Amino acid sequence: MKATVVATFFDVPQIDCDVKAGKIINPEFIAKCPPGCQDVKYRVYGTDIYASFSSVCNAAIHSGIIDNTGGKVLIQKVAGHSGYRGSFSNGVRSLSLPRWRESFLVSEGKPRKGVTYPSNLEYTSSKSTAVKSESKKTEQDVKGMKSADTANTSGKASHEGDAVHKEYQTTAVLTPTTQMATTTPTPTTTTTDPSTTVPQPTTTAAATRTTSAPAKPRPGLQRVRDMGSSSVHPAYASVVAAAASAQRQEPVVTFQRAASFPVHLAMEIDSWKPGLSIFDTGFSSKEEFNPKPLESISQGNQNCKIDLSFLMDGSWSIGKRRFQLQKRFLGNVAQALGIGSAGPLMGIVQYGDDPSTEFNLKTYVSSKDLRNAIEKIQQKGGLSNVGKALSFVNKSFFLDANGNRGGAPNVVVVLVDGWPTDRVEEASRLARESGINIFFVTVEAAAQSEKQNVIEPNFVDKAVCRTSGFYSINVPSWFSLHKVVQPLVKRVCDTDRLACSKTCLNAADIGFVIDGSSSVGTGNFRTVLQFVANISKEFEISDTDTRIGAVQYTYEQRLEFSFDKYSTKQDVLNAIKRISYWSGGTSTGAAISYASEQLFSNSKPNKRKIMILITDGRSYDDVSVPAMAAHQNGVIAYSIGVAWAAPDELEAIASDPAKEHSFFVDEFDNLYRYVNQLIQNICTEFNSQPRN
């Protein structure tokens, strides 16, 4: 592999948004992040203390050290933790994690007294190098590694990072990491993937271990040698030692199945190679291996992070044979999903006369365990009370105590044999308004003799979002149910469609409170209305979905239109366009009180109440007391300040945490920049809040 040399001409090295802390060898360093790192593709794990495979720059944004414009950050490596808590902060959603071998802290990018910081960073892969002057020698070394016979590579580690850092290639010291790596039996197979072939040196006295199979050099050696070298600042020897200790203590039993994979995969898993973490799968760069075989045994399919509840039909009408077919179908779906703690989680509720939870979201975190549990489910019998089951799931299933993760979309898939024996429309509507995506898989239909007992003939259309059949699948026979496994998995994993406002799940009452004072001006007021329209059109608008209302204020207040005035998106957009500019003073506090009384007092109980206030100046009256009253009445307040708006008032108006609910732009023409972020915050917060 050819090493690429990146020249650095500044005292503070620059890094890319996708650089993870674990990729950088230095135990403490200052780096400069570029603009634009606030993106969901740059994953962050933890709060305050972050797992080392988090994006450095997006973690810094999450912690509030920098914002999306970039800046300098100070990174300190520390030992791994047994748990990392996810949270939503500063516009970034971090994820939770049970444990990881190494952590890091983020602080303001100022040097600490007495500490010397590197002007070039050392990386664990050939993506970047630390020393420009050694570039030619490095390339020669790499070419030599490609062409040389394995017998001529005596004592050199195979990891490409050793080729970059030549000073670490000389002695393969027996380290704690080496010992840890060899606790897992070495596979006897020698099959390798040509695309990711690792040079195989002959064993030497320094690298030989007492094991039944020939020991091979572990990629993890380079990590410990680097950490123990003279390049580590003495002040952080204890930090490095703690991190190494965490590596030694990390159990490898979870990854025993790696023995069935090709040798190079098993080696990389056993030795905890930082550059090829299993948690990077699905987001790997070109030089990394195909991650698919690892998903089901590690963190699951990270591209399908959903919290899923299956409602399985346990009524007597289904019969024993079809009940077995249903269990086989559920097992196949679990396998296709790729269950895991960082991917989809799945629980099952069986319904008959009354629903009961077979197991919840946190009971099983692998597809194999889940399939085994499904096989053991016994049919409970009774009627097909689907409506009662949906009410049960809405109130009792998606709770934090049951493993609900907050930021992951909540999904319910209802399996129905024939028809429900109770009403489903009301229960489905309430569940959707609580943020649950409802899918129906209906198998067969009511027999001719049974049709007289059907309560709601069109129950599917009443139960799901009316979106081109996306949320419903009909199967003519139980024996063809296997054909819909992949189509169903594809739909429930469409998280972009599920997690935000493109569907009818994010039922909310959104009230815009618009500053119409004389300082705004006619032209800028039209810009504000366009901003309001751009936000509104992203939501599914109807009486049962999102509703929009608007208030304009100066010294006085005016209700432009209420939540129940318009029930289609086009009518709402036309109404926004017709709002006429008022002109006058700026009494923002009175406007908040007016909106609470005239707008949000008429909000539906199951809908989120969201106020978006736009102002360009300081208020003539107090805003804190009216804002506090609105917050206490369940209104989630966002404040958008322009030009001369007062930052302290914007924070007082905004819900906690203020940084995530208040925004400022220097001129009206820049309002558009916050449309997407505001929508993302509303959607993420919606999915994180407890059920009504």
Side-chain angles (χ1 to χ4, degrees), residues 508-520 524-536 539 546-566 572 575-603 607-647 649-655 658 661-665 668 671 674-675 678-679 681-682:
D509 282 343
I510 302 178
F512 291 92
V513 181
I514 306 167
D515 184 349
S517 61
S518 55
S519 59
V520 174
N524 289 333
F525 188 77
R526 304 314 302 175
T527 302
V528 171
L529 294 184
Q530 186 61 56
F531 173 73
V532 171
N534 288 342
I535 293 173
S536 301
F539 291 86
T546 295
R547 305 189 302 174
I548 305 293
V551 167
Q552 184 182 177
Y553 75 94
T554 58
Y555 283 127
E556 301 177 277
Q557 307 83 35
R558 184 168 71 196
L559 180 64
E560 300 292 352
F561 54 90
S562 58
F563 292 132
D564 58 1
K565 181 71 172 178
Y566 303 108
V572 166
I576 293 169
K577 189 183 298 185
R578 290 194 299 268
I579 296 176
S580 59
Y581 176 48
W582 204 353
S583 186
T586 309
S587 294
T588 307
I592 295 171
S593 297
Y594 180 86
S596 297
E597 296 167 4
Q598 301 298 320
L599 201 55
F600 291 104
S601 62
N602 297 317
S603 184
K607 290 183 180 289
R608 301 291 193 266
K609 295 184 283 188
I610 298 171
M611 178 176 71
I612 301 175
L613 186 144
I614 307 111
T615 181
D616 79 326
R618 182 174 287 278
S619 176
Y620 294 156
D621 60 357
D622 174 66
V623 301
S624 58
V625 173
M628 188 179 299
H631 300 163
Q632 291 172 349
N633 287 327
V635 175
I636 302 166
Y638 288 86
S639 57
I640 318 294
V642 188
W644 298 280
E649 288 187 350
L650 295 177
E651 291 188 6
I653 294 167
S655 295
H661 295 84
S662 62
F663 305 92
F664 179 84
V665 293
F668 286 91
L671 276 171
Y674 283 118
V675 170
L678 189 61
I679 292 168
N681 284 16
I682 291 172

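It should be emphasised that the depicted structure is a prediction, and the values quoted were computed from it without experimental measurement.
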Sub-3.5 Å donor-acceptor pair from the side chain of K609 to the main-chain atoms of A630, do we have one?
-> no

At what distance, to the nearest 0.5 angstrom, does [atom1] of [X] lie from [atom2] of [Y]?
X    : Y    : atom1 : atom2 : result
S536 : I576 : OG    : CD1   : 3.5 Å
L599 : E560 : CG    : CD    : 11.0 Å
H631 : S596 : NE2   : OG    : 9.0 Å
I514 : Q557 : CD1   : CD    : 13.5 Å
T554 : W582 : OG1   : CH2   : 4.5 Å
I510 : K607 : CD1   : NZ    : 10.0 Å

Determine whether [X] and [Y] make a side-chain contact, defined as any pair of heavy atoms from C-beta on separated by less than 4.5 Å.
X    : Y    : result
I579 : Q552 : yes
F539 : I682 : yes
Y594 : E556 : no
Y581 : L529 : no
T615 : L650 : yes
T586 : D515 : yes

Could I get the full list of side-chain contact (heavy atoms from CB on, under 4.5 Å) partners for Q530, not counting sequence neighbours?
-> A533, N534

Sequence neighbours left out, what passes side-chain contact (heavy atoms from CB on, under 4.5 Å) with K565? Give chain and number order.
-> F561, S562

Could I get the full list of side-chain hydrogen bond (donor to acceptor under 3.5 Å, both in side chains) partners for [X], not counting sequence neighbours?
X    : result
Y566 : R578
S639 : none
D509 : R547, S603

Give me the one residue out of Y638, F531, F663 that meets ring pair (Phe, Tyr, Trp, His ring centres under 6.0 Å) with Y674.
-> F663

Ring centre gap for Y555 and Y620 strictly below 6.0 Å | yes

side-chain hydrogen bond (donor to acceptor under 3.5 Å, both in side chains) between S587 and Y553, intermediate numbers included = CA-CA 7 Å; S587 294; Y553 75 94; over 6 Å; no

So which pairs with a foot in residues 612-628 pass salt bridge (Lys or Arg N to Asp or Glu O under 4.0 Å), sequence neighbours left out?
-> R618-D648, R618-E649

